[in-house]
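Model, not experiment: these values are computed from the prediction.
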Amino acid sequence: DIKWGKELLKDLEIDYSQPPEVFKMQIFSLTGVPVERQKIMVKGGMLKDDSDWAKLGLKNGQKIMMMGTAEVIVAPEKEIQFVEDLPEAAQEAASTAQYGSGLANLQNTCYMNSTLQCLYNITDLKEKILSFDPAVAINPAHNKLTVAAKGVFQQLGNSMGVAVDPYMFLAALREKYPRFAETGQNGVYSQQDAEECYSQLMYSFREALQGASGEDPVKDILGSELVLRLKCEESGEEYTERQLVYSLKCNITQQVDHLQQGMKIGLQEDREKNSESLGRLSLFKGEAKVSKLPKFQTVQFVRFFWKTNISIADGTTGVKSKILRKVSYPLILDMYDYCDDDLKAELDVARQAMKEADDAKVLGHYDLVGLLTHKGRSADSGHYISYIKRAEKGDWISYDDDKPPAVQNEEDILKLSGGGDWHMAYLLVYKARLA
């Protein structure tokens with residue numbers, strides 16, 4: 001319990017895995033006393049941001065005294081001005097609130113911010129996270145991260161253009177996946193790979209949102225079901241495997257100029273496995289086909305690879321390098337050619353019915369609604385930005401950390417295809433026309 005003046009804050013929970021600064025932010029949200037004004041008396045003196053919980057000897061139900069004054073809302077000294085009465089430049093700045101809000105960069109966290117902006121604008125996923133109730137979750141190990149995402153999404157929906165500070169989400173992400181807490185030689189938090197962040201969040205959200213009756217919303221929204229068929233070149237043995245992925249890959253070679261070419265290569269696989277007829281390891285080759293399409297289809301450009309035999313100051317002999325090759329992508333993606341025969345047959349029937357009904361919508365067609373870009377030569381450096389298409393307006397908005405969101409046109413979006421050192425698409429988000 002916290003004793004603050006005449007008030008008593010009862011039954012506060014302390015997460016001992018987080019630094020005291022996080023606890024102080026919790027108190028700030030309850031009292032309005034800024035962290036820098038809080039004087040919390042504990043064993044040995046005042047609670048510091050970097051105090052060691054283990055040395056404080058706190059007990060359940062213990063009363064702790066806090067001093068500090070809450071921020072006071074002061075009435076404006078000047079008369080309130082309406083937007084239409086402001087100068088033209090000020091009106092333009094105020095109008096950016098309609099485009100949503102950015103996210104504060106908390107030291108090389110643009111990878112996380114751009115990923116969150118893309119996920120926030122996957123409407124079906126956003127609704128599931130906003131309605132998440134940890135009390136009924138069947139896999140509580142991922143509750144904390146999902147609750148933190150819910151908090152960020154609520155703030156983005158209510159911030160009226162003011163940048164959101166995702167500190168609590170970042171703390172939960174680093175606690176669940178410590179690799180995102182790695183630091184460099186100078187102690188600064190390292191840049192991370194946005195696709196790795198996306199993949200880990202997909203795993204956590206799927207685990208947290210699964211229902212006791214078998215509901216699996218993340219799989220339905222973003223999961224592509226694949227059938228991989230492999231054949232041994234020596235013995236002729238065939239092997240079939242079913243897979244669930246949350247993004248398809250666009251592999252980039254010297255022959256790849258367009259997304260569709262790279263996606264086809266990304267579905268091919270060579271695997272060395274045991275051959276029962278040969279009694280030893282042998283090479284199996286094959287290709288995966290999509291057996292079930294999701295509501296939202298994400299595609300990753302495989303631009304990063306490990307380049308060896310490079311001497312680096314810290315003693316390593318390689319670096320995660322980037323393929324800068326220009327690879328174009330469409331505003332409308334037809335998934336038909338990547339589907340297995342059974343799914344193609346379903347699409348054929350549905351497409352014929354739509355054609356006879358003179359319906360312009362086509363089953364298996366996806367519209368580009370979001371993309372995440374990277375600028376730089378390595379996944380562990382550079383900068384990430386997200387671009388989101390507004391369904392109601394049809395225009396595009398760029399989100400660059402806490403900078404005011406900016407309007408972009410389709411020509412700007414299609415120019416993010418690579419070929420130089422500027423921003424280039426790394427992760428694409430497509431939405432099914434008939435979801």
Side-chain angles (χ1 to χ4, degrees), residues 111 114-115 117-119 121-125 193-203 218-228 243-253 255-269 287-305 322-340 343 347 362-374 379 384-389 396 410 413-419 423-433 435:
Y111 70 92
S114 54
T115 301
Q117 291 285 9
C118 285
L119 296 180
N121 286 279
I122 297 177
T123 50
D124 297 60
L125 179 65
D193 188 333
E195 192 280 329
E196 291 181 9
C197 181
Y198 167 83
S199 296
Q200 299 289 16
L201 291 180
M202 285 300 96
Y203 176 72
V218 174
K219 176 184 175 182
D220 295 337
I221 297 168
L222 286 153
S224 295
E225 296 184 33
L226 307 180
V227 177
L228 173 64
Q243 303 173 338
L244 174 66
V245 298
Y246 294 103
S247 66
L248 298 180
K249 308 298 181 184
C250 173
N251 285 13
I252 302 175
T253 67
Q255 289 72 43
V256 171
D257 296 311
H258 307 290
L259 176 76
Q260 294 90 326
Q261 295 172 320
M263 287 176 62
K264 187 169 182 62
I265 296 174
L267 289 170
Q268 296 171 358
E269 183 169 341
E287 183 179 19
K289 292 288 187 178
V290 180
S291 60
K292 185 177 180 181
L293 292 166
K295 293 182 179 180
F296 288 82
Q297 179 68 71
T298 61
V299 184
Q300 178 208 356
F301 288 98
V302 185
R303 289 197 173 275
F304 299 110
F305 66 100
K322 184 176 180 180
I323 301 172
L324 301 178
R325 184 178 179 82
K326 181 177 180 179
V327 180
S328 65
Y329 47 88
L331 294 172
I332 301 173
L333 176 65
D334 187 352
M335 289 295 297
Y336 184 87
D337 289 340
Y338 312 104
C339 298
D340 67 4
L343 185 50
L347 295 178
V362 180
L363 196 66
H365 276 191
Y366 285 73
D367 291 305
L368 184 66
V369 294
L371 69 159
L372 185 154
T373 65
H374 178 264
Y384 291 95
I385 293 177
S386 58
Y387 297 79
I388 305 299
K389 185 175 183 179
W396 287 81
E410 285 189 347
I413 298 303
L414 292 175
K415 289 177 181 177
L416 299 168
S417 53
H423 277 279
M424 60 187 71
Y426 183 39
L427 190 69
L428 304 176
V429 181
Y430 285 94
K431 181 181 180 180
R433 288 194 164 186

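Within the 4.5 Å cutoff, no side-chain heavy atoms of Lys389 are placed close to those of Leu368. Counting heavy atoms from C-beta outward, Thr115 and Leu427 have side chains that stay 4.5 Å or more apart. Side-chain contact check for Asn121 versus Val369: every heavy-atom pair is 4.5 Å or farther apart.
Under a cut-off of 6.0 angstrom, the local environment of NZ in Lys249 is crowded, with over 12 non-hydrogen atoms contributed by other residues, nucleotides or ligands.
Of the possible donor and acceptor atoms, none in the side chain of Arg303 sits under 3.5 Å from a partner among the backbone N and O of Tyr426. Here the side chain of Lys219 pairs no donor or acceptor atom with the backbone of Leu244 at under 3.5 angstrom. The backbone N or O of Glu225 lies less than 3.5 Å from a partner atom in the side chain of Ser291, making a donor-acceptor pair.
Between Leu372 and Cys118 the shortest heavy-atom distance is CB-SG, 4.2 Å. Shortest non-hydrogen contact noted between Leu259 and Val327 is N-CG1, 3.7 Å. For Tyr387 against Ile413, the heavy-atom pair with the smallest separation is CD2-CD1, 3.7 Å.
For Asp367, the side chain to side chain donor-acceptor pair (under 3.5 Å) partners are Arg433, not counting sequence neighbours. When the ring pair (Phe, Tyr, Trp, His ring centres under 6.0 Å) test is applied to Tyr203, the partners found at least two apart in sequence or on another chain are His142.
A ring-centre distance under 6.0 Å is not found for Tyr198 and Tyr246.
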